[in-house]
Structure formats: C-alpha cells, structure tokens
Number of protein chains: 2
Amino acid sequence: MAISEAEAVVMDVLWREAPLSAEEILAEVGPAQNWQEGTVKSLLNRLLRKTAVHAERDGRRYLYTPLLTRENYVQQESKGLLDRLFGGRVAPLVAHFSEQRKLSKKDIAELRKLLQELDDEH
Amino acid sequence: MAISEAEAVVMDVLWREAPLSAEEILAEVGPAQNWQEGTVKSLLNRLLRKTAVHAERDGRRYLYTPLLTRENYVQQESKGLLDRLFGGRVAPLVAHFSEQRKLSKKDIAELRKLLQELDDEH
DNA sequence: CGGCATCATTTACGCGTGTAAACATAATTG
DNA sequence: CAATTATGTTTACACGCGTAAATGATGCCG
C-alpha cells in the first residue's frame, strides 16, 4: 500500500538521518507540523505495517530506520503523476511548465547542463 | 477541496468532450473502470459540490460541463508533486529521471527541441 | 518491592473516497 | 390514470488518513 503524506513527512526525517527514536523524530517534525507524540507513534506504526521502516530495540525504546529508500519513493510518486497526466513521459511535463511560463532561469540553465552531460557521456 | 482520482477519471471524459450526460460518461468510462451507473452519478454529484463541473438540465436528464480546466488541474497536481519532492522546481525532477535512466530517446529529443525554442523566442 | 516515569500499542473518531444500493421523481405508454 | 421506465438524489458502508486519547508494559527510584 502507498504511504500517505503525513507518513512521508516522517520518512523525510529518517531519510535525512537514521536510525532515530520516536522522540527524536518528534523533535525534528513537531514544531513545523504541530504534532503530538501519539501522532508520530501512530504514523511510525503504520509505516511499520507497510514495511517502510524497520524498528530495532534500543533499551526501553525503539530506533527506526527507513527500509523504503527516498529514491524509490520519489520514483513511485513521480511515475504515478507522469502516468496519470502526461502519458508516462517526462518531456510533456516540462512542456506543460514551459507553456505556463513556470520554468525559472535556473531551471532552464540546469536543463541545458543536463542535456549537455547526456551528450558528453557519448 | 481537491478532486480525487476517481473524480479525475470522470473529468477526463469531460475534458475530451462536453457537455455529456451521465449515461454518456458511463459509456465512455464504464468498460475500462467497471463502474455502475450509481458510481458515476455519485462522482458527478461530488464534482458538482466541489464546483468542478456544471450541470444543465436537458429534458429529463442533465448535461455536465467541466468548470475546472484540465490545464488548471494538471498545474495543481504537478505543482503539488514538485513542491513536495523537488523543492518546487522542474529541473531536479528531470535530473531524477535522468539518474534513474528513465529518460527515453524521445524525451531527450523533445527536451532539446524545447530548449531550442525557448532560445529562439529571443 | 511498589509506585512513578517512560515508551509503545490499541482504540477512537471524524472525514474523504470508492463503490453502490435504496429511494424519489418525473416522463412515457398501455 | 396507473404502471413502467429513466434519471437523479440520498443513504450506506468499509477503508485509509490525520490526529490523538486511553491503555499497557517496562524499567528506575525511593
């Protein structure tokens, strides 16, 4: 089953640093999210059930480690969107943003560089 | 409120052709989706409540027209994903797909052309 | 050892979703 | 006009999600 948005917030913390205890995760995420301890625990348990994280006892508490990688998650999410909206391909998405004038200078520069590099690797 | 995935399937039909009656929408979407009439009716009613479509009486039935445009919807969805996963910018998404070797020849060719055109418009 | 503190696990609850049955209403036809 | 048909509207229900309270278990301290 797919992991939800709130769950992804927890994963984000773990992707930055792991293993972490529930308390440490709360400390990272509580201020921005205004979550209580129980909320984080619930999310962690759902992530456990989905085998997106692994828990390992550390004395009285658990330390959580991601099993699902960020690359994997990003890939799933992005592919889902591309499939639903752009026939599964990247270029049409970029074209869409281009038409909406939503490409920044920086985007354009980076895209140029990227294509250049693709060239270079012969 | 955002429109859901099942609702988007109905919208998709209406974006291709409108106005359409519930029955016509069902005919378009039923085979692929295995939906009953009631399902489509419910989705249409939720879309009405969300003011994503407009209904206009046509004798005994209604004809439905999209109010939300496809461009708008695509924009919202795409921006959502970019914001959540790529710091709101397009280039990092393309970079991600590039790293995962998920850019097709066609994608690359189209991206080239796109950048070329951006150049040309001075 | 028994009670408090510390974690984790379970249960809860309102809300949206996917899916559809039940019900209402209005037109059609015998 | 009454029964049937065609539509639309309301209600339902299980499930995941966001959020958290209630409960359970475990180790520490006096």
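As the structure is a prediction and not an experimental result, all values here were calculated from the model. Just so it is clear: chains get the letters A, B, ... in the order the sequence lines come, proteins before strands, and each one is counted from 1.
Rounded to whole Å, the distance from CD on Glu37(A) to C1' on dA22(D) is 14 Å. Between the CG atom of Asp58(A) and the P atom of dT26(D) there is a distance of 16 Å, given to the nearest Å. The distance from atom CG of Leu43(A) to atom P of dT19(D) is 8 Å, rounded to the nearest whole Å. Across the protein-nucleic acid pair, Tyr64(B) atom OH and dT9(D) atom C1' stand 10 Å apart, rounded to whole Å. Between the CD atom of Glu23(A) and the P atom of dC7(C) there is a distance of 5 Å, given to the nearest Å. Summarising the geometry, the separation between CG on Leu44(B) and P on dT19(C) is reported as 14 Å, rounded to the nearest angstrom. Rounded to an integer number of Å, the gap from CG of Leu26(B) to C1' of dT19(C) is 13 Å. Between the P atom of dC7(C) and the CD atom of Glu56(A) lies a distance of 17 Å, rounded to the nearest Å.
The shortest distance between the side-chain N/O atoms of Thr39(A) and the OP1/OP2 oxygens of dG18(D) is not below 4.0 Å. Checking the phosphate oxygens (OP1, OP2) of dT19(C), a side-chain nitrogen or oxygen of Trp35(B) falls inside 4.0 Å. Contact check, Ser4(B) against dG18(C): a side-chain N or O comes under 4.0 Å of OP1 or OP2.
Between Asn34(A) and Lys41(B), it is Lys41(B) whose nearest contact on DNA chain D lies nearer the 5' terminus. Taking for each of Tyr62(A) and Glu5(B) the nucleotide of DNA chain C with the nearest heavy atom, the 5'-most of the two is the partner of Tyr62(A).
With hydrogens and angles left out, the side-chain atoms of Ser21(A) and Glu24(A) include a donor and acceptor closer than 3.5 Å. Side chains of Ser104(A) and Asp107(A): a donor on one and an acceptor on the other come within 3.5 Å.
Counting non-hydrogen atoms of neighbouring residues, nucleotides and ligands closer than 6.0 angstrom, the CZ atom of Arg101(A) reaches no more than 12 such neighbours. Dense packing is recorded around CD of Gln75(A), with more than 12 heavy atoms of other residues, nucleotides or ligands lying under 6.0 Å away.
A pairwise comparison of heavy atoms in Ser4(A) and Glu7(A) identifies N-OE1, 2.7 Å as the closest pair. His96(A) approaches Glu71(B) most closely through the heavy-atom pair CE1-O, 3.9 Å.
As judged by a 4.0 angstrom heavy-atom cut-off over every strand, Ser42(B) is placed among the base-contacting residues. Nucleic acid contact for Ala2(B): sugar-phosphate only, since backbone atoms but no base atoms lie under 4.0 Å from a heavy atom of the residue.
A salt bridge links Arg112(B) and Asp119(A); the closest N-O separation between the charged side-chain nitrogens and carboxylate oxygens is under 4.0 Å.
Among the nucleotides dT28(C), dT11(D), dA8(C), the one closest to the side chain of Arg60(B) is dT28(C).
For DNA chain D, the neighbouring residues in residues 45-52 of chain B, judged by any heavy atom under 4.0 Å, are Asn45(B), Arg46(B).
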